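Structure first, commentary second.
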Amino acid sequence: MKKLLLTTAILALAGFQQPALAHEGEDHSKTEQHGQHEPSAVHDEATKIATKDDALKVLRDGVAFMDEAVNKHKADLFANGKVMDQLHDVTVHIEEAAKFLEKDSESIEPAKKARLSSALKQLVKTTTDFHIGTHDKNLEKTLAELKKSQGALKLVESNVK
C-alpha cells in the first residue's frame, strides 16, 4: 500500500513538473500583449544603479511615483490601468535599489548599518503593502502605506549619508 501511494505521489509530482503547451490554432495575441506595458522613468534609472546616489534616486523617484499615482492618477491606478502596470515595475526597482544599498553598506559603521538595514526593510514592506492596497482598491490603506513609505525613505536617506 505504501509503495502504491509513493508511486502515485511521484507520478503526480512528475506531472506537475511538465510544461504547459499551447494548443495549435488558438489565438494567443491577447495574452502575449498582457505583459507588455510602458516602462516608468524609474525603470531606466534602476538599470543604471552603480552608486549609493543612483540607488537613492531610484528610491526617491519610486516613492514620488507612488505619491503621484495615488494623488493624480487614482482612477487609472484603481482600474488596473497603465499606472498600475508601472507601479509593478516601480515596486521591483525599489527592492533592487534597497538590495544595492544593503550590499554597499560595508563602509558604514555597524550601528548605522543596522538602522539602514531596518529602514530598507521597512521601505520595501510599506511599498509592497501600498501595492497590495491598490490591488484591493482600498484608498485608506494605500494612503497610509504611502505615508509610511515616505517616512521610511527619510530614515534610509538619513542613514546613508
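Remember, predicted model here, so these are calculated numbers, not experimental data.
When all heavy atoms are compared, the tightest approach of Asp54 to Ala50 is OD2-N, 3.0 Å. In terms of heavy-atom proximity, Ala55 sits nearest to Phe100 at CB-CD2, 3.8 Å. Summarising the geometry of His93 relative to Val58, their closest heavy-atom pair is O-CG1, 3.6 Å, with the distance given to 0.1 Å.
Between Lys125 and Asp129 a salt bridge is recorded (basic side-chain N to carboxylate O distance below 4.0 Å).
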- Task: Carefully, step by step, assess Gln150 and Met66 under the rule side chain to side chain contact (heavy atoms under 4.5 Å, CB included).
- Result: CA-CA 10 Å; Gln150 291 167 334; Met66 292 164 50; over 6 Å; no
- Start with the C-alpha gap between Glu157 and Arg60, add the side-chain angles, then the distance that decides, and say whether salt bridge (Lys or Arg N to Asp or Glu O under 4.0 Å) holds. CA-CA 9 Å; Glu157 290 172 333; Arg60 287 181 190 122; 2.6 Å; yes
- Query: Passes side chain to side chain contact (heavy atoms under 4.5 Å, CB included), Phe130 versus Thr91? Steps please.
  - Reply: CA-CA 9 Å; Phe130 174 90; Thr91 305; over 6 Å; no
- Task: Start with the C-alpha distance between Thr134 and Val83, add both sets of side-chain angles, then the distance that settles side chain to side chain contact (heavy atoms under 4.5 Å, CB included), and finish with yes or no.
- Result: CA-CA 11 Å; Thr134 60; Val83 175; over 6 Å; no
- Message: Is there a salt bridge (Lys or Arg N to Asp or Glu O under 4.0 Å) between Lys148 and Glu145? Walk through the geometry before answering.
- Response: CA-CA 5 Å; Lys148 291 177 188 177; Glu145 295 304 327; 3.2 Å; yes
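In this structure, the side chain of Thr142 engages the main chain of Asn138 through a donor-acceptor pair within 3.5 Å.
For Arg115, the salt bridge (Lys or Arg N to Asp or Glu O under 4.0 Å) test picks out no residue, with sequence neighbours left out. Not a single side chain to side chain donor-acceptor pair (under 3.5 Å) links Lys99 to another residue, sequence neighbours left out.
By the rule that hydrophobic residues join a cluster once side-chain heavy atoms approach within less than 4.5 Å of another member, Phe65 and Leu123 end up as members of one cluster. Under the 4.5 Å side-chain contact rule for hydrophobic residues, Met84 and Val63 share a cluster. Linking ILVMFWY residues whenever their side-chain heavy atoms come closer than 4.5 Å, directly or via other members, leaves Ile132 and Leu143 in distinct clusters. A single hydrophobic cluster is seen to contain both Ile94 and Leu146, as judged by linkage of ILVMFWY side chains at heavy-atom distances under 4.5 Å, directly or through other members.
Aromatic ring orientation, His135 versus His88: tilted (interplanar angle from 30° to 60°).
Atom NZ of Lys112 has more than 12 neighbouring heavy atoms from other residues, nucleotides or ligands inside a 6.0 Å radius.
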